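Quick one: this structure, given as structure tokens, is what I'll be asking you about.
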Amino acid sequence: MRSSRHERRSGHEEANGLSVSGEPRSTEQYSKRPPTRRPSAAPGNDTGDGYVDHETASDRNPYTGQPFSDLYYELEEKRRALPVYQARQRIVDAVRRHRVVVLQGETGSGKTTQVPRFLLEAGFQRVVCTQPRRIAAVSVATRVAQEMDVCLGDLVGYTIRFEDVSHPKRTRLKYVTDGMLLREAFQDHMLSRYDCILLDEAHERTLSTDVLMGLIKNILPVRPALHVVVMSATLERDHFTTYFNQAPLLDVSGRMYPVDIRYEKQPVMDYIRAVEEKVQYIHEQEPAGDILLFLTGEEEIEDMCQRLRYYSRTVAKRGLGPLHVLPLYSALPLSHQQRVFEPANPPGARKVVVATNVAETSLTIDGISYVIDPGFAKSKIYNPSTRVESLLVSPISQDSAKQRAGRAGRTRAGVCYRLYTEDAFRTELQERSYPEILRCNLCNVVLTLKKLGIDDLIHFDFMDPPAPDTMIRALETLFYLGALDENVALTPLGTQMAEFPLDVQITRMLVESPRYRCSEEAVTLAAMLSVPNVFVRPRYRADEADARKERFVVSDSDHATLVCVFEAFVKHDHDARWCSENFLNDRALLHAVNIRRQLASMLKQMGLPLCSPGIRAPDRWVRLRRCVLAGFLMQTAFWVRRRDYMTIRDEQVVGLHPSSVVRHRPAWVVFHEFVLTTGNYIRTVSQIEPEWLFELSTKYYDLTEYKDGASRRALELAAGLRKMRRHGTA
DNA sequence: TAGGGTTTT
């Protein structure tokens with residue numbers, strides 16, 4: 001096969017005047033093909049319709065002119081065995097014939113690695129394929145480059161935050177995170193670099209993919225040569241085809257093994273106990289095979305692991321093999337996460353992976369025979385009336401349950417135990433999960449859309465339009481932050497703010513920071529506020545962890561404390577051991593180092609000076625606290641009683657979160673976030689002086705805007721105080 | 001005086 005003679009690429013496409021889009025294309029355009037398609041570059045056999053069939057290709061790589069490597073032949077064999085390979089002509093034909101095609105297929109069908117390549121080989125000039133996760137973009141691009149026997153970063157590449165392994169001209173197939181493609185659209189509203197865009201894992205409905213879909217729908221009519229493929233898991237629905245005006249649906253079934261779904265006969269009262277019993281049942285009654293079970297969070301998982309390890313010790317006495325119990329959640333150190341991919345220890349033990357939703361989408365563990373699905377997950381919800389985002393344990397969707405079940409059929413036939421009744425599955429679980437865009441505040445989405453040149457947000461064609469209240473809240477916040485004007489138009493400040501990959505309040509703090517002469521500190525803080533909590537506090541060593549934290553404390557500011565932690569981390573050369581001794585999460589801190597570097601270079605590019613009062617300056621933290629207030633000006637609270645504060649305007653009674661280092665109950669604080677857990681808490685707070693509020697010269701603290709109430713009285717008191725100080729009487 | 005699912009720019 002590989003030695004068969006190939007035909008030189010004929011002029012077929014030019015001859016019939018058809019481009020891949022089925023639209024006339026001038027020869028001038030056609031002649032702009034990159035060198036890889038020159039006849040001398042020896043491409044594969046043209047099957048007569050413009051599709052190059054590498055089955056009859058030569059033993060020289062058409063893209064490099066080099067002989068193929070041994071790895072190439074090995075991978076080529078595997079690739080041809082993929083289900084999607086059989087459908088390649090069908091896929092190419094459909095994409096040529098239609099502007100948008102929806103392609104469904106399970107993980108394992110090979111759609112992510114193969115479809116973009118089919119389209120490249122069919123003659124598309126620049127193909128981009130989005131992924132929701134960085135790690136997927138990297139690993140898929142690497143794989144495809146290997147399969148095509150080309151150097152990664154040349155013909156095939158990837159672009160993710162902090163890492164661009166692509167060539168501006170030579171890269172013709174690029175994998176990117178969805179957020180990254182959205183960023184690219186900031187510079188190039190029409191995404192004119194690409195003639196083919198693939199949105200992969202669209203069923204996950206990430207914020208960025210949703211915005212991209214809306215954007216692309218806008219672009220399609222003005223870019224007649226653009227073709228789009230929306231790829232998703234098979235979830236039996238026509239949501240995408242409807243949204244894209246009856247786009248054709250192709251199904252590329254994956255190589256899935258059957259999964260036997262077993263329901264409970266009666267509703268389960270205590271799912272934790274039911275999970276434990278189900279593991280015991282499987283271990284004692286069912287054949288060998290690893291178990292994956294889903295729980296909602298770290299604490300639940302660590303508890304369950306303890307229980308199961310205890311059980312494992314007891315069964316050993318009864319002559320049963322041991323369990324190898326492994327937790328899996330994203331906050332777990334990477335080395336611990338890796339353990340779920342290793343063989344069971346001792347050999348022959350039954351592996352039990354106790355996981356959060358990471359195992360539903362991000363991490364795929366092969367060799368699972370049993371899935372236990374209690375039907376719950378934590379999910380973020382946003383309440384626009386209180387402006388609070390919170391995590392809530394809630395029932396999963398039918399789609400999510402299907403995804404979980406599928407995890408048992410990846411390498412062999414499996415069983416999924418659903419710890420709820422079949423009736424509950426049909427009547428109580430909603431069909432789909434709420435997409436992210438309906439569950440979070442929209443400040444950044446609005447800013448992004450404005451930056452993309454979309455002015456009419458009301459008529460923007462979201463697949464699922466967000467609630468009007470949420471939209472209004474976002475517009476209001478952006479207005480007070482100075483990003484939008486009275487006409488809801490982007491201000492110069494807003495244009496600048498949209499560039500930053502940060503929450504809008506953090507961005508505002510950052511761009512204000514040179515004015516407070518503390519931009520060095522502000523950049524550090526911005527990075528620290530953008531990563532997960534750096535303080536580790538294991539339940540059984542809580543006191544020890546608290547004692548260690550004391551070393552970094554600046555007693556009137558959690559924000560300043562975070563800066564101190566970061567600076568200590570840098571001083572200790574990013575040392576992982578130092579982190580673990582000090583109960584700090586080194587992964588989060590390293591991430592903060594990267595973010596800080598990126599932000600500092602952005603500030604420099606924008607001509608915003610990096611300055612600091614110096615680490616010994618007595619007013620260092622005062623400046624930082626004022627600067628935080630400049631960004632988080634809508635998030636202040638005043639003291640009412642004991643540990644209780646009241647938020648300004650909304651007048652919610654909130655507690656100071658117990659993790660705060662601020663203990664002396666200052667009259668006014670600025671807070672980073674409002675969390676709803678076992679109570680209402682404000683978390684990551686700093687003391688502020690009330691007169692700073694009026695010095696912000698913002699409408700937000702204009703007393704005439706306040707009805708008579710606690711907020712007004714608190715502000716009046718503060719204003720009175722200000723007057724008294726001015727007259728030297730206080 | 002406590003709990004944070006997952007991901008991205």
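Just so it is clear, the structure is predicted and the values come from calculations on it, not from any experiment. First the proteins, then the strands, lettered A, B, ... as listed; each starts at 1.
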Residues A:R539, A:D303: salt bridge by 4.0 Å N-O rule | yes
Under-4.0 Å salt bridge between A:E184 and A:R193 | yes
Sugar-phosphate, base or nothing in reach of A:R134, heavy atoms under 4.0 Å | sugar-phosphate
Quick one: label A:S362 by what it contacts on the DNA or RNA (base, sugar-phosphate, nothing), any heavy atom closer than 4.0 Å.
-> sugar-phosphate
Could you tell me whether A:R642 atom CZ has more than 12 heavy atoms of other residues or ligands within 6.0 Å of it?
-> no
Check the surroundings of atom CG in A:L610: do more than 12 heavy atoms from other residues, nucleotides or ligands lie under 6.0 Å from it?
-> yes
Could you pull out all residues at least two apart from A:F186 that satisfy side-chain contact (heavy atoms from CB on, under 4.5 Å)?
-> A:R183, A:T448, A:K451, A:L452
Base, sugar-phosphate alone, or nothing: which one does A:R683 contact when heavy atoms must sit under 4.0 Å apart?
-> base
Check every strand shown and say whether A:E673 touches a base, only sugar-phosphate, or nothing at a heavy-atom separation below 4.0 Å.
-> base
More than 12 heavy atoms of other groups within 6.0 Å of A:Y434 OH | no
Do any N or O atoms from the side chain of A:N441 and from the backbone of A:A474 form a donor-acceptor pair under 3.5 angstrom?
-> no
Taking 4.0 angstrom as the limit, do A:R410 and A:D366 come out as a salt bridge?
-> yes
5'-most contact on DNA chain B (nearest-nucleotide basis), A:E436 vs A:N533, goes to A:N533
Using a heavy-atom cut-off of under 4.0 Å over every strand shown, decide if A:Y329 touches base, sugar-phosphate, or nothing.
-> sugar-phosphate
Pair A:S660-A:R683, side chain to side chain donor-acceptor pair (under 3.5 Å): steps then yes or no = CA-CA 7 Å; A:S660 176; A:R683 193 160 49 185; over 6 Å; no
Which nucleotide span of DNA chain B, 5' end to 3' end, has atoms closer than 4.0 Å to non-hydrogen atoms of chain A?
-> B:dT1 to B:dT9
Residue-level proximity of residues 386-397 of chain A to DNA chain B when a heavy atom falls under 4.0 Å = A:L391
Checking all strands, does A:D503 fall into the base, sugar-phosphate, or nothing category for heavy-atom contacts under 4.0 angstrom?
-> nothing
On DNA chain B, more 5' by nearest nucleotide between A:T356 and A:T677 is A:T677
Which part of the nucleic acid does A:E298 contact within heavy-atom distance under 4.0 Å: base, sugar-phosphate only, or nothing?
-> sugar-phosphate
A:S330 near the nucleic acid: base, sugar-phosphate alone, or nothing, with a heavy-atom cut-off under 4.0 Å?
-> sugar-phosphate
Counting any heavy atom closer than 4.0 Å, what does A:L656 reach on the DNA or RNA strands: base, sugar-phosphate only, or nothing?
-> nothing
Which is true for A:R133 with a 4.0 Å heavy-atom rule: it touches a base, it touches only sugar-phosphate, or it touches nothing?
-> sugar-phosphate
